[in-house]
Number of protein chains: 2
Amino acid sequence: MRTTRQRQVILEELRKVTSHPTADEVYEMVRKRLPHISLGTVYRNLELLSAAGEIQTLGLAGTQKRFDGNPANHYHARCLKCGRVIDLDLPVKALNGLEDAVAETSGFKVVGHRLKFLGLCPRCQKEEQKQDR
Amino acid sequence: MRTTRQRQVILEELRKVTSHPTADEVYEMVRKRLPHISLGTVYRNLELLSAAGEIQTLGLAGTQKRFDGNPANHYHARCLKCGRVIDLDLPVKALNGLEDAVAETSGFKVVGHRLKFLGLCPRCQKEEQKQDR
DNA sequence: ACAATAATAGTAATGATTACTATAAAGAAT
DNA sequence: ATTCTTTATAGTAATCATTACTATTATTGT
Ligand SMILES: [Mn+2]
Ligand SMILES: [Mn+2]
Ligand SMILES: [Zn+2]
Ligand SMILES: [Zn+2]
């Protein structure tokens, strides 16, 4: 995999944020520095970087994929109202016992798991309170 | 929500299987009994039944949504090779402690979580062994 | 600098899902 | 049972995220 300016900037910009942007959001971010980059290049590099383990592709909800500049396994919480996705710092190993249990009962060779929490973010909770009054 | 023959058959067929079919797979299943049903009707009813809590919509992987005739919260394991999705019967309450921890540390009002395991199904493990020889 | 080849920009194609609309069916009222 | 109101359907068109294609450009090893 060659080191192109486009690939480099995509990775840099994605690692700057914790907002789990969609491909077109990454495109807008990168365009500030590389105004001539094409959307296809963004898609292709997000795919390649993900396959290379440099970033993560998240299928959190909605129609668009979201991308995470943090390649380490970690958990997320998604707000059901505004769609915001935040990082959690729960220890991943809390689930390792469960992985073993799944392997035993299902016969699967388990290589990992994905866990996300759903709810209302602090901001949207405040909004709800306003409406209740 | 009116009880139409189409809606009824879609729900019945989906509850017959544990295979988590895609919309077009449901379409094929239902067409055996209602040859004139349209794909749009299948999509619309899967959406409505899901919103009504009669079934679940799963965003497991790939481009297509999958549907689950079992509306109760339960976990899944997906095979990375063949895509098969099986049900697990882990107790959901094993994660309730984690939900509380997430609520405290993130400020989210947590209303649920989604957990899936990734790995190789028994059948695909056998295939791998063949290749190793 | 040169050659080999991987990557890009721009554009077209794909494919799952959603929207639209005239017709039909369901359920309530009579 | 008949009529009426409203929701749902079939068939089709439109949408939109993503992928594929291709001529040109950039990277990297020599
Ligand atoms: Mn993250
Ligand atoms: Mn299931
Ligand atoms: Zn929110
Ligand atoms: Zn398999």
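Throughout, a chain's letter reflects where its sequence line sits, starting with A, and its residues are numbered from 1. Note that the structure is predicted; figures quoted are calculated from it, not measured.
At a non-hydrogen distance threshold of 4.0 Å, B:R2, B:T3 from residues 2-29 of chain B come into contact with DNA chain C.
Between A:K65 and D:dT19, a side-chain N or O to OP1/OP2 separation shorter than 4.0 Å is present. For the OP1/OP2 pair of C:dT17 and a distance below 4.0 Å, the side-chain nitrogens and oxygens of B:Y43 include at least one atom meeting the criterion.
Residue B:Y75 holds its OH atom at 2.5 Å from NE2 of B:H113, rounded to the nearest 0.5 Å. Annotation: the span from A:L120 atom CG to A:E127 atom CD amounts to 11.0 Å, rounded to 0.5 Å. Taken from CG in B:N70 to NE2 in B:H20, the straight-line distance is 7.5 Å, to the nearest 0.5 Å. The line from CD1 of B:I37 to CZ of B:R5 is 10.0 Å long, rounded to the nearest 0.5 Å. Taking CG of B:D100 as the reference point, atom CG of B:L98 lies at 9.0 Å (rounded to 0.5 Å). To the nearest 0.5 angstrom, B:S19 atom OG is 13.0 Å from B:I86 atom CD1.
With DNA chain C read from its 5' end, the first of the two nearest nucleotides for B:M1 and A:L39 is the one closest to A:L39. For A:R44 and A:G40, each mapped to the nucleotide of DNA chain C holding its nearest heavy atom, the one lying further toward the 5' end belongs to A:R44.
Regarding B:E47, its CD atom lies at a distance of 6 Å from the P atom of C:dT18, rounded to whole Å. In this structure, B:L48 places its CG atom 16 Å from P of C:dA26, rounding to the nearest Å. Remark: P of C:dT11 and CD1 of A:I37 are 16 Å apart, rounded to the nearest angstrom.
Of the N and O atoms on the side chains of B:D24 and B:Q64, at least one donor lies less than 3.5 Å from an acceptor on the other residue. With no hydrogens or angles considered, no side-chain donor-acceptor pair links A:H74 and A:D89 at under 3.5 Å.
Terminal axes of the helix from C:dA1-D:dT30 to C:dT30-D:dA1 (five pairs each, C1' rotation axis) are separated by 50°, to the nearest 10°.
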